[in-house]
Amino acid sequence: QTFVEMIEQVVSWQLLKGFGALYVEPMNLRSLDADMFRNEKGTLQVLEGGNWKQIDPKLLVLFPNLSLSGQMGLSELSTVLDAANMDENAKQVWNNQMNSGGILSGLLSTDVKLSDAELSAMRARWEERYGGVQKAGTMGFLGAGFKFTPMGISAADMKMLEVSKVTKNEIGTAFGVPGIFLGDMESVDYSNALIQERILYSNTICPRADRLADRITLFLLPLLGLKGLEFRFDYTGIDALQANKLERAQIDEINLRTGVVTINEIRERDGYKDKKKWGDVFWGSAMLVPISTSDIPEPEPAPAP
């Protein structure tokens, strides 16, 4: 397992279960499945290969998702499980209707008392004549005494409800994913696509990555013998975030030139811990000098012939 795969697995378990887990063994660092833990009489165990194996809690590093309390965070999936199930049920109803030939699910009734064999024959005759996708939407006829009562929701009704569209928005909101990344291409152009990508990174991916990096620095690196080092993700290769940095750099330059902030104040804001000795002084442009009417010098007299 590569390091990237290990990090992806930790984040996936955060989304699914609310926390991820890494276990440090001699010459081995590996991720554990978050749904394979149990506390058996005060001992922490993990299920591997069908057997419960006791592990040392001191060598276990948990990575909780956004948490209100405790080591186990909240799972985004748990908040939208009803929406996901509703979407799945809607698709199942649609598939069942298509597999049944696209006809409405309903009740075929009659006042005539029929035997089980006659009922089975009538049902088989009905499915033979009107069943099948090719016959969907055709007109059917019932004999005297029979009545058909629809009992379910038609495929057209399901489309009108637009269940998938509603649930997709709910799920995207819970996971912090803009609509364009969920296949929503309505009213999307190049400009707002870039904005949505920037929102995805700045509001969802980067905060999650920073929380993950903090726990790697504080809890994992000491177990690996790397205490004193700091783990950080590099965002310089993300094009969507560079526009923000360029705009902020331009604003910082104006503030520096006008004496609003100093270089050390900007470095402290951006997370640089070391301060420069020359960073607390005002950096003014040599091209900027104060001018007033009283400062205008008198013209020198013309030289003698």
Nearest-0.5 Å distance, [atom1] of residue [X] to [atom2] of residue [Y]:
| X | Y | atom1 | atom2 | answer |
| --- | --- | --- | --- | --- |
| Phe181 | Glu197 | CZ | CD | 5.0 Å |
| Leu32 | Lys53 | CG | NZ | 9.0 Å |
| Tyr23 | Asn28 | OH | CG | 10.5 Å |

note = Those residues at least two apart in sequence (or on a different chain) that pass ring pair (Phe, Tyr, Trp, His ring centres under 6.0 Å) with Tyr235 are none
Determine whether the side chains of [X] and [Y] contain a donor N or O and an acceptor N or O closer than 3.5 Å.
| X | Y | value |
| --- | --- | --- |
| Gln1 | Gln9 | yes |
| Asn203 | Arg198 | no |
| Gln45 | Asn39 | no |

task = Could you go through the side-chain contact (heavy atoms from CB on, under 4.5 Å) check for Leu256 and Ile266 one step at a time?
result = CA-CA 9 Å; Leu256 281 172; Ile266 294 178; 3.9 Å; yes
Would you call [X]-[Y] a salt bridge at under 4.0 Å N-O?
| X | Y | value |
| --- | --- | --- |
| Glu76 | Arg208 | yes |
| Glu5 | Arg30 | no |
| Asp252 | Arg269 | yes |

message = Within a 6.0 Å radius of atom OH on Tyr272, are there more than 12 heavy atoms belonging to other residues, nucleotides or ligands?
response = no
request  = Indicate if Leu44 and Trp52 have the same hydrophobic cluster label, given that clusters are the connected sets of ILVMFWY residues with side-chain heavy-atom separations under 4.5 angstrom.
outcome  = yes
query = When hydrophobic residues are tied together by side-chain contacts of less than 4.5 Å, even through go-betweens, does Val4 share a cluster with Leu224?
reply = no
